[in-house]
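Numbers restart at 1 for each chain; the letters A, B, ... are given by sequence-line order, proteins then strands.
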2 protein chains.
Amino acid sequence: MHKPASDNAQDIHSSGLKATWPRIRILRLFQQTTQRHLSAEDVYRSLLADGEEIGLATIYRVLTQFEQARLLTRHYFESGKAVYELNEGQHHDHLVCMMCGRVEEFCDPEIERLQQQIAERRGFELREHALSLYGVCSNPACQAKARAESRG
Amino acid sequence: MHKPASDNAQDIHSSGLKATWPRIRILRLFQQTTQRHLSAEDVYRSLLADGEEIGLATIYRVLTQFEQARLLTRHYFESGKAVYELNEGQHHDHLVCMMCGRVEEFCDPEIERLQQQIAERRGFELREHALSLYGVCSNPACQAKARAESRG
DNA sequence: GTGGTTGATGATAATACTTATCATTAACCA
DNA sequence: TGGTTAATGATAAGTATTATCATCAACCAC
Ligand SMILES: [Mn+2]
Ligand SMILES: [Mn+2]
Ligand SMILES: [Zn+2]
Ligand SMILES: [Zn+2]
């Protein structure tokens with residue numbers, strides 16, 4: 001299941017970066033974690049919990065480098081802080097539960113096509129887009145919480 | 001063209017807020033400005049330039065209050081800072097030029113419908129969404145700049 | 001209109017997230 | 001197996017935003 005460290009080293013190397021231990025550990029974390037979407041702080045705490053000695057500055061640097069190397073992708077989810085996820089090629093957008101923070105992924109080819117059309121009509125060369133849906137998921141606890149909030 | 005200050009006072013009052021001079025000036029700015037989308041800093045500098053004495057903390061506070069009162073809406077545009085615009089009822093999304101920062105607005109009913117459908121299928125009660133398209137606008141200067149950047 | 005109550009203001013401190021600096025360390029390659 | 005050069009980590013700095021608190025001004029009852 002887990003790729004051996006040498007494979008991670010390969011991926012990192014072929015992005016033109018030295019295969020250092022912090023980089024290997026960060027990439028491995030994204031490949032192994034169940035929670036796909038991680039902030040810098042998430043990565044930091046996770047590696048500390050694993051007994052690694054790593055600086056927060058290194059996390060931020062490496063996440064940025066991995067994004068530029070297209071090993072990771074970055075999103076905002078309107079939370080004020082960036083989250084990253086493994087880039088596995090196929091584009092998708094996100095559906096976020098405002099109560100529990102759960103993130104589901106989707107890709108709708110029709111929406112993608114319409115976006116392209118809108119940009120073209122206005123003479124824009126479309127480079128990227130951010131689409132996030134926010135709502136309340138099917139978890140009964142989330143629905144109860146939502147009802148409680150709407151009362152106040 | 002300009003609403004009289006008393007009208008702004010009305011709008012503010014009916015949101016349950018005292019019609020103070022800073023609030024009146026901030027609301028007026030959004031009603032009069034040509035550049036629809038303004039950050040807290042934009043508002044601050046604009047009012048200072050108009051000779052107002054106003055604190056930045058007040059700007060932040062009032063923008064938040066106006067958003068809660070649905071007089072303004074907030075967006076992020078992936079810039080790391082929030083921008084606000086007058087809420088005139090009809091929802092729309094944004095197309096942003098990555099070279100000059102120009103913002104165009106659009107609303108595609110088909111995309112709206114598909115979003116709703118995606119949320120429903122997954123058992124989410126959709127509350128809101130953020131859709132922003134990023135690209136290069138038709139301005140020749142922007143296209144030249146984009147070409148220059150892609151070379152490096 | 002006036003005055004008292006109460007919420008608003010603005011200076012500034014604090015916080016949250018992120019990037020820059022720089023001396024030390026480690027990856028790579030000849 | 002060094003030497004070169006880039007990476008690391010501690011920490012300072014930067015940027016956007018929120019909290020604190022003493023002073024001030026809207027509003028409402030009179
Ligand atoms: Mn994702
Ligand atoms: Mn807009
Ligand atoms: Zn939920
Ligand atoms: Zn442009």
Side-chain angles (χ1 to χ4, degrees), chain A residues 5-27 29 37-48 50-69 71-72 74-84 101, chain B residues 5-27 29 37-48 50-69 71-72 74-84 101:
Chain A
S6 61
D7 282 14
N8 299 102
Q10 271 306 316
D11 292 344
I12 294 167
H13 250 154
S14 56
S15 302
L17 298 168
K18 284 187 183 176
T20 63
W21 187 238
R23 284 176 180 155
I24 290 169
R25 288 310 313 260
I26 292 171
L27 186 52
L29 175 62
H37 306 89
L38 301 171
S39 68
E41 196 67 33
D42 291 337
V43 172
Y44 184 54
R45 281 206 299 270
S46 185
L47 292 184
L48 285 190
D50 264 26
E52 296 296 331
E53 294 192 9
I54 193 167
L56 186 54
T58 301
I59 310 273
Y60 274 103
R61 255 186 323 236
V62 171
L63 290 177
T64 303
Q65 292 161 345
F66 281 2
E67 199 221 343
Q68 285 164 354
L71 291 168
L72 299 178
R74 187 187 52 190
H75 311 285
Y76 281 102
F77 298 163
E78 163 124 9
S79 55
K81 63 183 176 185
V83 297
Y84 293 81
Chain B
S6 60
D7 283 13
N8 300 101
Q10 270 307 314
D11 293 343
I12 294 167
H13 249 157
S14 56
S15 303
L17 298 168
K18 285 187 183 177
T20 63
W21 187 236
R23 285 178 179 153
I24 289 168
R25 288 310 313 263
I26 291 171
L27 186 53
L29 175 62
H37 306 90
L38 300 170
S39 67
E41 197 67 35
D42 290 338
V43 172
Y44 185 53
R45 280 205 300 272
S46 185
L47 292 184
L48 285 190
D50 265 26
E52 296 297 331
E53 294 192 7
I54 193 167
L56 185 54
T58 301
I59 309 275
Y60 275 103
R61 254 185 325 237
V62 171
L63 290 177
T64 303
Q65 292 161 345
F66 281 3
E67 198 220 345
Q68 285 163 354
L71 292 168
L72 300 178
R74 187 187 53 191
H75 311 285
Y76 282 101
F77 298 163
E78 175 116 2
S79 54
K81 63 183 175 184
V83 297
Y84 293 81

Straight-line distance of [X] [atom1] to [Y] [atom2], nearest 0.5 Å:
X       : Y       : atom1 : atom2 : answer
A/Gln65 : A/Lys18 : CD    : NZ    : 12.0 Å
B/Leu48 : B/Glu53 : CG    : CD    : 9.0 Å
A/Thr58 : A/Arg23 : OG1   : CZ    : 9.0 Å

[N], OP1 or OP2 - any side-chain N/O from [X] closer than 4.0 Å?
X       : N      : result
A/Arg23 : D/dA7  : yes
A/Lys81 : C/dC17 : yes
A/Thr58 : D/dG9  : yes
A/His13 : C/dA27 : no
A/Tyr60 : C/dT18 : yes

If you check every side-chain atom of [X], which of [options] has the closest atom?
X       : options               : result
A/Lys18 : D/dA6, C/dA11, C/dT21 : D/dA6
A/Ala19 : D/dG9, C/dC28, C/dT9  : C/dC28
A/Thr20 : C/dT12, D/dT8, C/dA20 : D/dT8
B/Pro22 : C/dT9, D/dT8, C/dA8   : C/dT9

Please report, rounded to the nearest Å, how far the [atom2] atom of [N] is from the [atom1] atom of [X].
X       : N      : atom1 : atom2 : result
B/Tyr44 : D/dT15 : OH    : P     : 16 Å
B/Gln68 : D/dT18 : CD    : P     : 10 Å
A/Gln65 : C/dA20 : CD    : P     : 12 Å
A/Tyr76 : D/dA16 : OH    : P     : 12 Å
B/Ile54 : C/dT12 : CD1   : P     : 17 Å
A/Leu38 : C/dT18 : CG    : C1'   : 17 Å
A/Leu63 : C/dT18 : CG    : P     : 9 Å
A/Leu56 : C/dA20 : CG    : C1'   : 14 Å

Closest to the 5' end of DNA chain D, once B/Leu17 and B/Arg61 are matched to their nearest nucleotides, is B/Arg61

From the list B/Ile54, B/Val43, B/Asp50, B/Val62, side-chain contact (heavy atoms from CB on, under 4.5 Å) partner of B/Arg25 resolves to B/Asp50

Note to self: Once you apply a heavy-atom cut-off of 4.0 Å, does B/Glu53 come out as touching a base, just sugar-phosphate, or nothing?
What the structure shows: sugar-phosphate

- request: Give the minimum heavy-atom separation between A/Phe66 and A/Ile26, together with the two atoms involved.
  value: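 For A/Phe66 versus A/Ile26, the nearest heavy atoms are CE2-CG2, 4.2 Å.
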
